[in-house]
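What follows is one structure encoded as structure tokens, with my remarks underneath.
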Protein chains: 2
Amino acid sequence: MDRKNRSNCPISYALDLIGDKWSLLILRDIILRDKHFYKDFISSDEAIATNILSNRLKMLEYDGFISKTRDTIDRKRFIYNPTEKGLDLLPVLIATMRWSDKYSTEIKQRPPSIEMIRNDPIGFENRIRAKFSNTPTLLDRHH
Amino acid sequence: MDRKNRSNCPISYALDLIGDKWSLLILRDIILRDKHFYKDFISSDEAIATNILSNRLKMLEYDGFISKTRDTIDRKRFIYNPTEKGLDLLPVLIATMRWSDKYSTEIKQRPPSIEMIRNDPIGFENRIRAKFSNTPTLLDRHH
DNA sequence: CTCTCTAGCTTGTTTTTTGCAAGTAACCAA
DNA sequence: TTGGTTACTTGCAAAAAACAAGCTAGAGAG
């Protein structure tokens, strides 16, 4: 479970943690799409394999990007949430979306969040952050 | 040389293009470290393999992130430069560096750019952009 | 105690990355 | 013009990672 750390560079530091094909998509699901359960991630369009998802959730928890707690209402399942460290990747997600908004001419239908980011990126970020501000308890009311 | 495009999402769109271990580091070298030649990328601390570097340079050129032109002064080599599309990833690079600045407690010595970003991120971005604003000619005077 | 639902794990296969060695093309110097 | 140097480029075998599909385990529900 150890991370490698290819160099002292801040870019490579982040890439060594979340620079694979899937980690950032899972964080996107948790942070921007209000997904909090294993089955939610499975159902995303990108079709991640179950073993990869399981591994990435473990990694992301181990590295402190997300927390994993058993759902008190339906104790069969676990709730995945961003930590502050994970939520602090929001500017990276937003910057990436703005770039894609400009250059992905192929993509037909853009998510509504793209509109919001285009009009008011700071307000968008604040609203997302506000969603998670009342610490761990907020998720219990989701289901 | 075809890109896959796992879904319609703007995050996955960008990841499908530059979401591997190396592409963003090459762009970092070109955009933030004034590296423009093959041997410069080879000499970076992360130690990329020659075949991967060659492949990624091809991909980045094919996807329009960088341009490759023969050096008019030393015609043995090629000059790699960011396109506007590549340079527009600067906010992603900066957001990533700011995140690492906050969370990479292990990293001992930070690059001076981190200080500049911390003090004045917008000014930093503008100065980097200005460096590349006089289109292709600017690189000829580098060597 | 069995059934179902959620969340994984296992296994076998394919793809990608890696490390290294060899190859090629432009230029330079004798 | 020939031999060396620089700047890449290509090829190959081994290792690592991703993938697909089927299997399992644990927590309730009936």
Side-chain angles (χ1 to χ4, degrees), chain A residues 1-7 12 15-26 29-30 35-63 66-81 139-140 142-143, chain B residues 1-7 12 15-26 29-30 35-62 66-81 139 142-143:
Chain A
M1 205 81 137
D2 266 0
R3 289 358 341 251
K4 30 267 134 172
N5 220 239
R6 285 175 287 173
S7 78
S12 90
L15 287 179
D16 286 342
L17 292 172
I18 50 154
D20 67 290
K21 276 180 67 180
W22 296 107
S23 296
L24 213 59
L25 292 183
I26 294 170
D29 280 355
I30 296 180
K35 296 190 172 191
H36 299 286
F37 305 108
Y38 183 92
K39 69 166 174 6
D40 295 335
F41 309 128
I42 289 290
S43 72
S44 284
D45 286 344
E46 293 87 6
I48 190 171
T50 62
N51 55 348
I52 306 286
L53 174 58
S54 175
N55 173 268
R56 290 307 185 280
L57 288 171
K58 248 178 237 166
M59 292 291 199
L60 289 171
E61 188 194 4
Y62 178 82
D63 292 326
I66 61 174
S67 64
K68 173 184 183 177
T69 50
R70 195 171 280 280
D71 188 347
T72 49
I73 291 154
D74 180 352
R75 291 187 44 77
K76 280 196 295 296
R77 61 189 186 176
F78 298 93
I79 304 179
Y80 297 95
N81 266 311
L139 290 141
D140 299 338
H142 271 310
H143 294 271
Chain B
M1 205 80 138
D2 266 359
R3 281 18 317 265
K4 30 270 134 169
N5 220 241
R6 285 176 287 175
S7 77
S12 90
L15 286 178
D16 287 341
L17 292 173
I18 51 154
D20 67 291
K21 276 182 67 180
W22 296 107
S23 296
L24 212 59
L25 292 183
I26 294 170
D29 281 355
I30 296 180
K35 296 189 172 192
H36 298 285
F37 304 109
Y38 182 93
K39 69 165 174 5
D40 296 333
F41 309 128
I42 289 290
S43 72
S44 284
D45 286 345
E46 294 87 5
I48 190 171
T50 62
N51 55 350
I52 303 288
L53 175 58
S54 180
N55 172 268
R56 290 306 184 280
L57 288 172
K58 244 177 243 166
M59 293 288 199
L60 289 171
E61 189 195 4
Y62 178 82
I66 62 174
S67 65
K68 174 183 183 177
T69 51
R70 196 172 282 281
D71 189 347
T72 48
I73 292 156
D74 180 352
R75 292 185 42 77
K76 279 195 299 299
R77 61 188 186 179
F78 297 93
I79 304 179
Y80 298 95
N81 265 311
L139 289 142
H142 271 308
H143 293 271

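In what follows, chains are A, B, ... by sequence order, proteins preceding strands, each numbered from 1.
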When rounded to whole Å, the CZ to P distance for the pair A:F78 and C:dA7 reads 8 Å
For A:K21, check side chain to side chain donor-acceptor pair (under 3.5 Å) against everything at least two apart and list the hits.
none
How many Å lie between CZ on A:R6 and C1' on D:dA16, as a whole number?
14 Å
Per the 3.5 Å Watson-Crick/G-U criterion and a run length of at least three, the stems involving DNA chain C are C:1-30 with D:1-30
Options D:dA7, C:dG8, D:dA20, nucleotide nearest the side-chain atoms of B:K39:
D:dA7
Which residues pass the side chain to side chain donor-acceptor pair (under 3.5 Å) test with B:K76, sequence neighbours left out?
B:D74
Is any side-chain heavy atom of B:F37 closer than 4.5 Å to one of B:I79?
yes
Which letters describe nucleotides 21-30 of chain D, given B = protein heavy atom under 4.0 Å from base, S = only from sugar-phosphate, - = neither?
BB---BBS--
Atom-to-atom span, CZ of B:F37 to C1' of C:dA26 - whole angstrom:
15 Å
Does A:I26 reach the side chain of A:L57, with side-chain heavy atoms less than 4.5 Å apart?
yes
Tell me: CH2 of B:W22 to P of D:dA17, nearest whole Å?
13 Å
Partners meeting salt bridge (Lys or Arg N to Asp or Glu O under 4.0 Å) with B:K68 (sequence neighbours left out):
none
Partner residues of B:S23 under the side chain to side chain donor-acceptor pair (under 3.5 Å) criterion, sequence neighbours left out
B:D20
Taking for A:Y38 and for B:I48 the nucleotide of DNA chain C with the nearest heavy atom, the one nearer the 5' end belongs to A:Y38
What is the distance, to the nearest angstrom, from the CD1 atom on A:I26 to the P atom on D:dA18?
11 Å
By nearest atom, which of the nucleotides C:dC9, D:dA18, D:dT10 is closest to the B:K58 side chain?
D:dT10
For B:T50, the side-chain contact (heavy atoms from CB on, under 4.5 Å) test, sequence neighbours excluded, returns B:Y38, B:I42
C:dT17 P sits how many Å from A:D20 CG, rounded?
12 Å
Here's a test for you: under side-chain contact (heavy atoms from CB on, under 4.5 Å), which of B:T69, B:L60, B:I30 qualifies with B:Y80?
B:I30
Could you tell me how far apart B:R56 (CZ) and D:dT9 (P) are, to the nearest whole angstrom?
14 Å
Is B:D16 reaching over with its side chain to a backbone N or O of B:R6, donor-acceptor style, under 3.5 angstrom?
yes
OP1 or OP2 of D:dT9 sitting under 4.0 Å from any side-chain N/O of B:S54?
yes
What is the distance from CG of B:D16 to P of C:dT16, rounded to the nearest Å?
13 Å
Looking only at C:dA7, D:dT10, C:dT18, the nucleotide nearest the B:K21 side chain is C:dT18
